[in-house]
Number of protein chains: 2
Amino acid sequence: MEFKRISSQKISEKVEEQIVKLIKEGSYKEGDKLPSVRELCDSLDVGRSAVRDALTTLKGRGLVETRQGEGTFVTGFNPKRYFQHMLMPHQKELESLFQVREILETSIVKLAAVNRKEQDLIAMRKTLNHMSECQYDDSGYHDCQFHMAIAKASGNSILQELLESISSTMAKSMADFHSLIASKPELIHDIHHQHELIMDMIVCEDASGANEAMLLHLSYVKKHMRKGFSIRSEFIETI
Amino acid sequence: MEFKRISSQKISEKVEEQIVKLIKEGSYKEGDKLPSVRELCDSLDVGRSAVRDALTTLKGRGLVETRQGEGTFVTGFNPKRYFQHMLMPHQKELESLFQVREILETSIVKLAAVNRKEQDLIAMRKTLNHMSECQYDDSGYHDCQFHMAIAKASGNSILQELLESISSTMAKSMADFHSLIASKPELIHDIHHQHELIMDMIVCEDASGANEAMLLHLSYVKKHMRKGFSIRSEFIETI
DNA sequence: CGTTTCAACTTGTCTGATATGTGACTTCTG
DNA sequence: CAGAAGTCACATATCAGACAAGTTGAAACG
């Protein structure tokens, strides 16, 4: 006979559940103001701490947003928080993360080649132009923008949001990679060329071609990123 | 003269930042116990509410976990929370989600075919045996277990965790699909056969074969899931 | 030595007081 | 009358004290 672990559910968790349920059911939609803490206390017949705890947790989960003096409001779908607590990933995690990125981006680019609308192409072209015009310092930003534009063109919003999460997580660790790029014009040139190739394939609606171009691009980036990492590792070891 | 916007940063946010910083820097690692609330109050010279607020937010973000009577602990990478506020996906979102699942699983199975260890094969075999032995009611559970076993064999923990998140999100909406399965023995038979094929390919280390087998399997599932959905939709419309 | 009891420490909850931010209404002033 | 300034109600933010409830480990006991 097995026993299920009995966990006395805390009051704040019950409150949390009720609020989530209300949001789920649509009683409170994005942007709506929830009842004030006092009101919730009265209607739920619990102390302020419990309500506050529940709301604070929900704030942490990104479901609601509190504004002092105004109230508590339901926020929209905010996927940037998905990977937010993956702080400063180590090299192994970074490799795993990059592998996920490869998987997502190579699939995304195939979808984008099929589903891309005119305005998607315009948006992508714009980011490419920005990249060639701007200073090297901002290349990392525009690089990211290009990839996000592709994701948007894929037509799958979840994919887009997932990639965004991963990119922002990697961005912290990619910082030194981008500074490496900025210092080597030939890298920028290569990457620029690869982007153009990907762009062309998407324009031609050539899914497998786009896939291949993306694979090449990411392999290139990974190779140079590893190089940058090993340099940093050596540097750390010699301290 | 320009004025900088003075945004009175809340005390709890400052506390939160400090704690996050400490975790980032590695002063507190996964599983470590943070100082008690009282201690943090004393060392930070703020009230308990502020500390509690910070910790509760962190709890919501999934960075820490509090256990009454024990303390507050730094949690590991917990991606189950990623999709947690994706509440009750509608059909369109469900399609997007399934697409993501296809992308992930077809890639996972390729990795698994290459990286699988002996014990991974044993674990997979075990879930398959369970599935054929057990009652139809539990088929959904064991089906999920099989897919997770493959993900584990891929060797990429982030992929594994992502798939877990997606599966749990879809599970709610898949409930009626599984009951549909349970009512049709021929579906179970087909699925079982497909699983065996995938298993074989992984055993043979045939990555592309495994990929193809998974693709077939998921297409099959998707087809019947859509059928289930349209039935439900019609049912709803006739109410 | 094994068991029970208990004290110390933890988070969870309630409560009241005070601080601070926001918005709407009123009042003052030109 | 119109705009600026003051006022007030109400919201969250913070503090502090008390007690509830869960966990742990050591002391006391058989």
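Below, chain A is the first sequence line, B the second, and so on; all start at residue 1. Worth saying up front: this structure is predicted, and the values here are computed from it rather than measured.
Separating the CD atom of E65(A) from the C1' atom of dT12(D) is a distance of 13 Å, rounded to the nearest angstrom. D42(B) places its CG atom 14 Å from the C1' atom of dC15(D), with the value rounded to the nearest Å. Distance, L58(A) CG to dT12(D) C1': 16 Å, rounded to whole Å. Atom NZ in K14(A) sits roughly 15 Å away from atom P in dG12(C) (whole-Å rounding). Summarising the geometry, the separation between NZ on K10(B) and C1' on dT12(D) is reported as 9 Å, rounded to the nearest angstrom. Atom CG of D53(A) is separated from atom C1' of dT14(D) by 14 Å (rounded to the nearest Å). F73(B) has its CZ atom 17 Å from the P atom of dG22(D), to the nearest Å. Per the geometry, CD belonging to E13(A) stands 14 Å off C1' belonging to dG22(D), to the nearest Å.
In terms of phosphate contacts, S12(B) brings a side-chain nitrogen or oxygen within less than 4.0 Å of OP1 or OP2 of dT14(D).
Pairs of residues two or more places apart, or lying in two chains, never qualify as side-chain hydrogen bond (donor to acceptor under 3.5 Å, both in side chains) while including a residue from residues 109-119 of chain B.
Shown here are the side chain to side chain contact (heavy atoms under 4.5 Å, CB included) partners of Q68(B), two or more places apart in sequence or in another chain: K10(A). Residues forming a side chain to side chain contact (heavy atoms under 4.5 Å, CB included) with A113(B) (at least two apart in sequence, or on another chain): A207(B), A210(B). Annotation: salt bridge (charged side-chain N to carboxylate O under 4.0 Å, His left out) contacts of R48(A) (sequence neighbours excluded): none. Every residue two or more places apart in sequence or in another chain was checked for a side chain to side chain contact (heavy atoms under 4.5 Å, CB included) with S43(A), and none qualifies. Residues forming a side chain to side chain contact (heavy atoms under 4.5 Å, CB included) with K33(A) (at least two apart in sequence, or on another chain): F73(A). Every salt bridge (charged side-chain N to carboxylate O under 4.0 Å, His left out) that R67(B) has, sequence neighbours left out, goes to E65(B), E70(B). Legend: residues meeting side chain to side chain donor-acceptor pair (under 3.5 Å) with Q99(A), ordered by chain and number and at least two apart, are N156(B).
For the atom pair L104(B) CG and I158(B) CD1, the distance stands at 12.0 Å (nearest 0.5 Å). Atom NZ of K152(B) sits about 14.0 Å away from atom CG of L163(B), to the nearest 0.5 Å.
In the interface, the side chain of R48(B) is paired with the base of dG17(D) through a donor and an acceptor atom under 3.5 Å apart.
The listed nucleotides are dC14(C), dG12(C), dT14(D); the one nearest the side chain of R52(B) is dG12(C).
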Less than 3.5 Å apart, which donor and acceptor atoms pair up between the side chains of residues 11-23 of chain B and the rest of the protein, not counting sequence neighbours?
unit_1, atom_1, unit_2, atom_2, d
E16(B), OE2, R61(B), NH1, 2.9
E17(B), OE2, Q9(B), NE2, 2.8

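Computed from C1' positions of five pairs at each end, the angle between the two local axes of the helix from dC1(C)-dG30(D) to dG30(C)-dC1(D) equals 10°, rounded to 10 degrees.
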Table of protein N/O atoms under 3.5 Å from nucleotides 25-27 of chain D N/O atoms:
none

Listed pairs, N/O of protein and of nucleotides 5-11 of chain D, under 3.5 Å:
none

message: Under the criterion side-chain contact (heavy atoms from CB on, under 4.5 Å), I'd like the reasoning laid out for D143(B) against H195(B): C-alpha separation, chi angles, the key distance, then a yes or no.
response: CA-CA 9 Å; D143(B) 180 284; H195(B) 281 172; 3.2 Å; yes
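Nucleic acid contact for T66(A): sugar-phosphate only, since backbone atoms but no base atoms lie under 4.0 Å from a heavy atom of the residue.
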